[in-house]
Engineer: 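Below is the structure I would like to discuss, written out as structure tokens.
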Amino acid sequence: HFDDDPADYQTDVMADRAVSEVERLASGDKPFFLNLWTLAPHVAQPERGPGSTGDLAAVPAPRHLNTFDEQWWTTNEAPAFNEADVSDKPGYLSARRPLNTIDQLTAQNHYQRALESLLAVDEAVDRLVGALDDAGALDNTVILFTSDNGYLQGEHRVRDAKVVPYEESIRVPLIIRGPGFPVDTVAPQLSANIDLAPTILELAGVTSSLDVDGQSLLSIASDPHPPPDDRAIYLQNGSEQQGAAIPRYEGVRVPGYSYVEYGPGASELYDLTADPFQLENRADDPAYASLQEQLAELLEQLRGCQGDGCREPRFTASQ
């Protein structure tokens with residue numbers, strides 16, 4: 001526990017500790033692994049300072065408060081924000097009324113404060129890279145930056161949620177630099193959090209004693225455009241979430257499409273090339289019937305998969 005001085009801001013304290021660890025570990029002759037995760041941009045205790053609504057929101061460092069007051073998350077930038085027509089969505093969404101003014105302002109406040117809280121994370125990353133460089137370890141170190149989940153902030157009339165099967169929730173940043181990863185290269189293939197452990201294991205030169213469901217990303221990094229891009233990734237949210245407001249679902253994400261089946265029997269299918277904001281549910285659309293059948297079969301193969309069984313099902317576009 002720390003006091004309330006600006007120097008005690010949590011992300012800064014954690015960055016201090018991480019830099020100290022890098023300086024200590026890099027001075028030795030053994031490989032090391034350091035895992036740093038921050039609370040930001042998660043919500044924290046209600047911030048009562050200037051600009052706060054008093055609602056749960058991310059708390060930025062005092063030096064960054066109000067930096068993004070003009071950064072509006074509008075319907076022009078995100079067509080799914082407070083979606084006009086949700087009649088094609090599953091019942092837990094189609095029954096929702098449009099967000100009122102207070103909900104929209106709250107979502108806006110959450111968005112701005114989250115952006116502001118990430119500025120201290122940016123600074124922490126810069127300090128860590130600098131510490132590795134000063135220690136002469138940067139060229140022999142792999143840095144992996146990612147997140148645990150995305151977040152809806154008003155999209156599809158959901159003021160805040162992270163366990164729904166939409167792109168804003170299931171997509172996260174993944175940036176890797178270091179030996180084995182070409183500079184200024186973007187790999188377009190789908191990957192998932194199950195790929196992180198196999199990647200780290202291969203980098204460390206060790207073999208897992210357990211079956212891994214994912215695949216190392218080193219081969220993709222060395223050749224980011226191998227044909228075909230046919231990965232099928234299993235989606236699930238486990239048991240009912242958030243007081244049963246979000247039903248249990250399972251789904252599959254493939255290049256260009258997302259397909260989800262809900263426990264109550266509803267389903268969703270989105271053509272992400274034509275409809276990147278997932279406004280038009282194509283489930284049970286005759287024009288997408290063969291595609292839906294194929295994705296449903298892929299999902300059946302992925303249910304309960306383990307090891308190779310999670311990597312073998314492949315998608316071949318037939319729609």
Engineer: Check whether I233 and L269 end up in the same hydrophobic cluster, where Ile, Leu, Val, Met, Phe, Trp and Tyr are linked by side-chain heavy atoms less than 4.5 Å apart.
Structural biologist: no
Engineer: D88 side chain to N281 main-chain N or O, any donor-acceptor pair under 3.5 Å?
Structural biologist: yes
Engineer: Does the side chain of Y234 come within less than 4.5 Å of V252's, by heavy atoms?
Structural biologist: no
Engineer: For Q153 and Y151, does a side-chain donor sit closer than 3.5 Å to a side-chain acceptor?
Structural biologist: no
Engineer: Relative to each other, are the rings of Y262 and Y249 parallel, tilted or perpendicular (30° and 60° limits)?
Structural biologist: perpendicular
Engineer: Going from NE2 on H110 to CG on D160, what distance comes out if it is rounded to the nearest 0.5 angstrom?
Structural biologist: 6.0 Å
Engineer: Under 4.5 Å between any side-chain heavy atoms of L190 and R253, yes or no?
Structural biologist: yes
Engineer: Can you name the nearest heavy-atom pair linking P247 to A245, along with the distance?
Structural biologist: CD-O, 3.7 Å
Engineer: Counting C-beta onward and ignoring hydrogens, is there a side-chain heavy-atom pair between D271 and Y257 closer than 4.5 Å?
Structural biologist: yes
Engineer: Quick one: do E155 and Q278 satisfy side-chain contact (heavy atoms from CB on, under 4.5 Å)? Show the steps, please.
Structural biologist: CA-CA 10 Å; E155 293 87 352; Q278 296 172 286; over 6 Å; no
Engineer: Are the side chain of E268 and the backbone N or O of K89 linked by a donor-acceptor pair below 3.5 Å?
Structural biologist: no
Engineer: I'd like to know if I170 and I194 are part of one continuous hydrophobic network [Ile/Leu/Val/Met/Phe/Trp/Tyr, side-chain heavy atoms within less than 4.5 Å].
Structural biologist: no
Engineer: Going through the checks in order, is the side-chain contact (heavy atoms from CB on, under 4.5 Å) test met by E280 and D85?
Structural biologist: CA-CA 9 Å; E280 299 293 335; D85 181 5; over 6 Å; no
Engineer: Would you check if D103 and N100 make a side-chain contact, meaning some heavy-atom pair closer than 4.5 Å?
Structural biologist: yes
Engineer: Got a second to check how far F277's CZ is from D275's CG, nearest 0.5 Å?
Structural biologist: 9.0 Å
Engineer: Step by step, would you call L174 with S191 a side-chain contact (heavy atoms from CB on, under 4.5 Å)?
Structural biologist: CA-CA 9 Å; L174 177 59; S191 61; 3.7 Å; yes
Engineer: Quick one: side chains of residues 20-35, donor-acceptor pairs under 3.5 Å with protein atoms, not counting sequence neighbours, listed by atom name and distance.
Structural biologist:
residue, atom, partner, partner atom, Å
E21, OE1, R24, NH2, 2.9
S27, OG, R24, O, 2.6

Engineer: Run I175 and F181 through side-chain contact (heavy atoms from CB on, under 4.5 Å) and show every step you take.
Structural biologist: CA-CA 10 Å; I175 305 170; F181 294 90; over 6 Å; no
Engineer: Quick one: CD on E167 to CG on L152, what's the gap to the nearest 0.5 Å?
Structural biologist: 10.5 Å
Engineer: Could you grab the distance from atom NE2 of H156 to atom OH of Y92, nearest 0.5 Å is fine?
Structural biologist: 8.5 Å
Engineer: Is D213 reaching over with its side chain to a backbone N or O of G307, donor-acceptor style, under 3.5 angstrom?
Structural biologist: yes
Engineer: Could you tell me which non-hydrogen atom of T316 sits nearest to which non-hydrogen atom of Q294, and how far apart they are?
Structural biologist: O-NE2, 2.7 Å
Engineer: Less than 4.5 Å apart, side chain to side chain, heavy atoms only: is that true for F145 and R177?
Structural biologist: no
Engineer: Within a reach of under 6.0 Å around CD1 of I102, are more than 12 heavy atoms found that belong to other residues, nucleotides or ligands?
Structural biologist: no
Engineer: Which heavy atom of A58 sits nearest to which heavy atom of P60, and what is that distance?
Structural biologist: O-CD, 3.4 Å
Engineer: Would one find more than 12 heavy atoms of other residues, nucleotides or ligands at under 6.0 Å from atom CG of D5?
Structural biologist: yes
Engineer: Would you name the heavy atoms of S258 and L235 that are closest together and state the gap between them?
Structural biologist: OG-CD1, 4.5 Å
Engineer: Got a donor-acceptor contact below 3.5 angstrom from the S94 side chain to the V86 backbone?
Structural biologist: no
Engineer: Within a strict 4.5 Å, meaning less than it, do heavy atoms of the V142 and I176 side chains meet?
Structural biologist: yes
Engineer: Which side-chain N or O atoms in residues 114-141 pair as donor and acceptor under 3.5 Å with protein atoms at least two apart or in another chain?
Structural biologist:
residue, atom, partner, partner atom, Å
E116, OE1, N66, N, 3.4
E116, OE1, R113, NH1, 2.8
E116, OE2, N66, N, 3.1
E116, OE2, T67, N, 3.0
E116, OE2, F68, N, 3.0
E116, OE2, R113, NH1, 3.1
S117, OG, A114, O, 2.8
E123, OE1, R63, NE, 3.3
E123, OE1, R63, NH2, 2.6
E123, OE2, H64, NE2, 3.0
R127, NH1, D16, OD1, 2.8
R127, NH2, D16, OD1, 3.0
T141, OG1, A137, O, 2.5

Engineer: May I ask you to check whether over 12 heavy atoms, not counting those of R17, lie within 6.0 Å of atom CZ?
Structural biologist: no
Engineer: For S208 versus L201, what's the shortest heavy-atom pair and its separation?
Structural biologist: CB-CD1, 3.5 Å
Engineer: Checking Q104 side chain against L99 main chain: does a donor-acceptor pair fall under 3.5 Å?
Structural biologist: yes
Engineer: Is there a donor-acceptor pair closer than 3.5 Å between any side-chain N or O of N149 and the backbone N or O of K162?
Structural biologist: no
Engineer: Between L279 and A80, which heavy-atom pair has the shortest distance, and what is it?
Structural biologist: CD2-CA, 3.8 Å
Engineer: Does the T199 side chain pair with the main chain of L217, one donor and one acceptor, at a distance under 3.5 Å?
Structural biologist: yes
Engineer: As an exercise, state the distance from CD1 of I220 to CD of Q189, rounded to the nearest 0.5 Å.
Structural biologist: 5.0 Å
Engineer: May I ask you to test the R96-N82 pair for a side-chain heavy-atom distance under 4.5 Å?
Structural biologist: no
Engineer: Any chain of hydrophobic side-chain contacts (each under 4.5 Å) joining L298 to Y259?
Structural biologist: yes
Engineer: Does a salt bridge link R231 with D195, judged by any charged N lying under 4.0 Å from a carboxylate O?
Structural biologist: yes
Engineer: Between Q108 and Q112, is there a side-chain donor-acceptor contact under 3.5 Å, judged purely by atom types and distance?
Structural biologist: yes
Engineer: Look at atom CD of Q236 and say whether more than 12 heavy atoms of other residues, nucleotides or ligands are closer to it than 6.0 Å.
Structural biologist: yes
Engineer: Verify, without hydrogens or angle tests, whether S169 (side chain) and V164 (backbone) share a donor-acceptor contact under 3.5 angstrom.
Structural biologist: yes
Engineer: Evaluate the side-chain proximity of L302 to E250: yes if any heavy-atom separation is below 4.5 Å, no if none is.
Structural biologist: no
Engineer: Nearest 0.5 Å, what's the CG-OG1 distance between L36 and T11?
Structural biologist: 8.5 Å
